[in-house]
Amino acid sequence: MLRLIALLGLLATVVSGSQVTFADLNVPWDAPPHLDSTDNSLFSAVNSLLQRWPNTLYKNGASSMLCGNICFYTFPTTGHTIIPATMPIGTLLYHGHTVEGVPSVLEWVALDFEHAYLFCRQGPCYVVSFITTRDLRLAYFDGSSAIKWGNGTLDTQDMLTWGEPLSGRCTDEIQRIKNLCAWGKTFGLDGFVRMSYNFEVMVCDFSAGLKVVSVQNHLPKSVPELESEDDDLKYQPQSNPRPSAQTEEKPCPPMSRSSAIGPQPDPPGGWKGSLPEGYTFDFQPLVTGSWRNRSPGETRMHVDYSGLVTFYDTALASLIVSRRGVPRGHHRLLGISANDSARVHAELAEVFGRQTRGSGVDWGSVTRLIVERYAGRLETLRYTLEPVATFNLNATQQAALVRFQFLTMLVPYMTTDSVPTNASWTSSIVERCSTPSTSLIPASLLTPQERRIQGSVQGTLHEICRRLTVMWVDAFDIEAASEERAVVALENWRVHVKELMDWLGWSVWVDCNPACNPDAMCYLPSWPSFREGDIQDDMTPRCISSVSRAGQPTIWV
Ligand SMILES: *[C@@H]1O[C@H](CO)[C@@H](O)[C@H](O)[C@H]1NC(C)=O
Ligand SMILES: *[C@@H]1O[C@H](CO)[C@@H](O)[C@H](O)[C@H]1NC(C)=O
Ligand SMILES: *[C@@H]1O[C@H](CO)[C@@H](O)[C@H](O)[C@H]1NC(C)=O
Ligand SMILES: *[C@@H]1O[C@H](CO)[C@@H](O)[C@H](O)[C@H]1NC(C)=O
């Protein structure tokens, strides 16, 4: 309390005259989130930017593709965020191709050598490395935005590129980068950031802010030995897929089957033993991508939260109905009205044209602190609520154990007034618990985009605090309750905790358990690389070998 008073005093001095107001919770303390609330989705997006795992996860079995004898699922992650980002001076970037030379305009660069090396599967391999000579100004599309597949991964880009999302344009990469760079030119943007199994940058002009460090002729990769024609490298990209028609919604082209695997390359003179084996090496971008799975994610870029433009803005009325009852990974921008589209374009122009930055609040840290505070404790709670037999406790004892956990989570928000004889005991717990620290900052310092994030933080906290307090009311005197009442209470709490965790949908709860051995990595299926076992529409992560060739994924790029 003393610290809070000190903080209030400090703020009052700094922002002289401004009234410090706590969040205005005009809703009853026990009101559940509105049916169309996007607070949970926006909160998670803010907490996940530039991290690979959460942006790979939300792609829940959107489609199954039958390809010959093999059927596998794609799980595109649909992003809803377009946000300014910067890449600092002194950052290395890589571009791999099979001919000697340096790209001049409009190309893609990787942040890791392994990702660039992928682009020459056979034969000669030149990797050009660049260094940034100043901060690059970029725009970042979240989700699995480099997945050239239908089902929404390209929606946000296509809104910018063509003014509307059309999944038939998967392969229109050249036109896409041209249009994006033309749009970005107005705002002095150097490029665009996307992610599939790793982050990549679409560079608009290699002569601006980039210097060639080297062009190296790297070892050619050996061609895998095929066990049988049916059983390896089943799918190859169509060579130079033709840009699809630009006006109609149509599925992305299926992968075509190819047995065209070239001869083994000649090793350089003096070389002994095996060359890097292509099949195994094609797996390495996944490994390097996994280094950015979790917070802090990709640290070679920084986002400007104060300019976060989101299609989860509930003012975009045309998207609301299409999200109802649809899991987060399936949210699309299809059906956005011309008016809403124009609204987003205007906001983007305002954000990217802005000279000032926002309040300086690190919203990524704000959301992360909340996830840190509750993720582990909610998981513990769910575990402790498992059926009585697991613990050899009777229901009353188990309920008492759970009561202690509610208390642990809510005690920072309780005072000596937090007893049922005080009519507002529950509402004051929820109000203290769900008021974001940032609401101590005068709203006038926040950009409209920050106010939207603030709203999502508050809405998310409110739902956590509401559920905990509802359960607390029930648990308050449970220690003296009958076995029958305890059984009923435990069942109610199980439902509350499940519903809360489902609503939050935090990716931190999805991980390999037990953890993988040092020679393995935790894996979620994702385009363009698939493995045996990806057939099921199942996003349970699993450990796969990161050293053995056996069962390596079929790579398709
Ligand atoms: C997902 O995309 C694929 C390929 O374009 C398409 O065949 C499928 O119908 C789509 N599924 C959904 C649910 O949109
Ligand atoms: C588009 O939005 C503007 C401003 O909100 C509104 O005045 C107008 O009626 C809307 N038009 C349509 C077709 O919804
Ligand atoms: C009830 O609790 C609130 C919040 O702690 C406090 O402000 C209020 O004075 C209490 N009311 C009574 C009647 O004790
Ligand atoms: C639950 O178990 C404890 C310890 O064995 C016992 O003291 C208590 O009476 C039991 N409660 C009920 C309701 O059976």
Side-chain angles (χ1 to χ4, degrees), residues 1-12 18-33 369-370 373-374 377 380-443 454 457-497 500:
M1 195 59 193
L2 278 175
R3 282 171 59 194
L4 181 63
I5 290 169
L7 177 63
L8 287 172
L10 181 71
L11 273 169
S18 308
Q19 173 100 38
V20 175
T21 50
F22 282 89
D24 179 23
L25 296 171
N26 280 325
V27 284
W29 74 270
D30 56 351
L369 279 169
I370 293 166
R373 173 156 287 273
Y374 292 106
R377 284 174 166 178
T380 306
L381 188 58
R382 178 171 62 183
Y383 181 74
T384 327
L385 279 166
E386 279 175 12
V388 178
T390 330
F391 294 92
N392 276 327
L393 298 176
N394 61 34
T396 316
Q397 288 172 311
Q398 190 185 3
L401 202 64
V402 173
R403 179 188 182 277
F404 177 73
Q405 292 172 62
F406 296 147
L407 191 56
T408 308
M409 282 189 260
L410 289 175
V411 84
Y413 317 108
M414 288 179 176
T415 64
T416 52
D417 287 323
S418 304
V419 286
T421 47
N422 182 320
S424 63
W425 73 304
T426 46
S427 58
S428 54
I429 294 173
V430 173
E431 179 171 345
R432 290 186 197 110
C433 171
S434 54
T435 303
S437 54
T438 47
S439 58
L440 292 165
I441 297 172
Q454 162 115 309
V457 171
Q458 185 171 313
T460 300
L461 277 174
H462 188 268
E463 179 57 358
I464 296 169
C465 302
R466 173 187 81 88
R467 295 268 188 183
L468 290 176
T469 306
V470 165
M471 292 187 280
W472 172 246
V473 170
D474 202 15
F476 186 62
D477 59 355
I478 202 80
E479 287 155 312
S482 68
E483 190 71 0
E484 292 72 26
R485 206 195 119 198
V487 168
V488 174
L490 287 169
E491 191 43 43
N492 284 338
W493 300 340
R494 270 177 215 125
V495 174
H496 270 298
V497 172
L500 174 59

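Sequence positions, counted from 1, serve as the residue numbers for this chain. Remember, predicted model here, so these are calculated numbers, not experimental data. Atoms within each ligand, like the ligands themselves, are counted from 1 in listed order.
Two residues are said to be in side-chain contact when any heavy atoms from C-beta on lie closer than 4.5 Å; Thr384 and Gln405 meet this criterion. Using a 4.5 Å heavy-atom cutoff, the side chains of Thr415 and Arg432 are in contact. At least one side-chain heavy atom of Leu393 sits less than 4.5 Å from a side-chain heavy atom of Leu401.
Taking every non-hydrogen atom of Thr396 and a distance limit under 4.0 Å, the qualifying atoms of ligand 4 come out as 13 (C). Every atom of ligand 3 is numbered from 1 in the order shown, and the set under 4.0 Å from a heavy atom of Ser424 is 1 (C), 2 (O), 3 (C). Applying the 4.0 Å criterion to heavy atoms of Ser428 picks out, from ligand 3, the atoms 4 (C). Applying the 4.0 Å criterion to heavy atoms of Thr415 picks out, from ligand 3, the atoms 5 (O). Interface of Asp417 with ligand 3, defined as ligand atoms under 4.0 Å from a residue heavy atom, comprises 2 (O), 5 (O), 6 (C). Close approach of ligand 4 to Glu483 is summarised as follows: ligand atoms under 4.0 Å from at least one heavy atom of the residue are 12 (C), 13 (C).
The nearest protein heavy atom to atom 7 (O) of ligand 3 is not closer than 4.0 Å.
Put simply, no part of Glu431 is less than 4.0 Å from ligand 3, judged by heavy atoms.
Aromatic rings of Phe476 and Trp425 (six-membered ring for Trp) have centroids within the 6.0 Å cut-off, being under it.
Residue-level proximity to ligand 3 for Met414 is absent, since no heavy atom of it falls below 4.0 angstrom.
Looking at Val487, Asn392, Asn394 and measuring to atom 2 (O) of ligand 4, the nearest heavy atom belongs to Asn394. Taking all heavy atoms of Thr416, Ile429, Asn422 into account, the minimum distance to atom 14 (O) of ligand 3 is reached by Asn422.
When hydrogens are left out, the protein atom nearest atom 4 (C) of ligand 4 is Gln397 NE2, 3.1 Å; that is the closest non-hydrogen contact. Ranking protein heavy atoms by distance to atom 5 (O) of ligand 3, first place goes to Arg432 NH2, 3.0 Å.
Tyr413 OH to Cys433 SG: the interatomic distance, rounded to the nearest 0.5 Å, is 5.0 Å. Between the CE atom of Met471 and the CG atom of Leu500 there is a distance of 6.5 Å, given to the nearest 0.5 Å.
A salt bridge links Asp474 with Arg485: the closest approach of a Lys/Arg side-chain nitrogen to an acidic carboxylate oxygen falls below 4.0 angstrom.
Considering Phe406, Tyr374, Trp493 as possible partners of Leu381, the one that fulfils the side-chain contact (heavy atoms from CB on, under 4.5 Å) test is Phe406. Looking at Ser434, Ser418, Ser424 one by one, the single match for side-chain contact (heavy atoms from CB on, under 4.5 Å) with Ile429 turns out to be Ser418.
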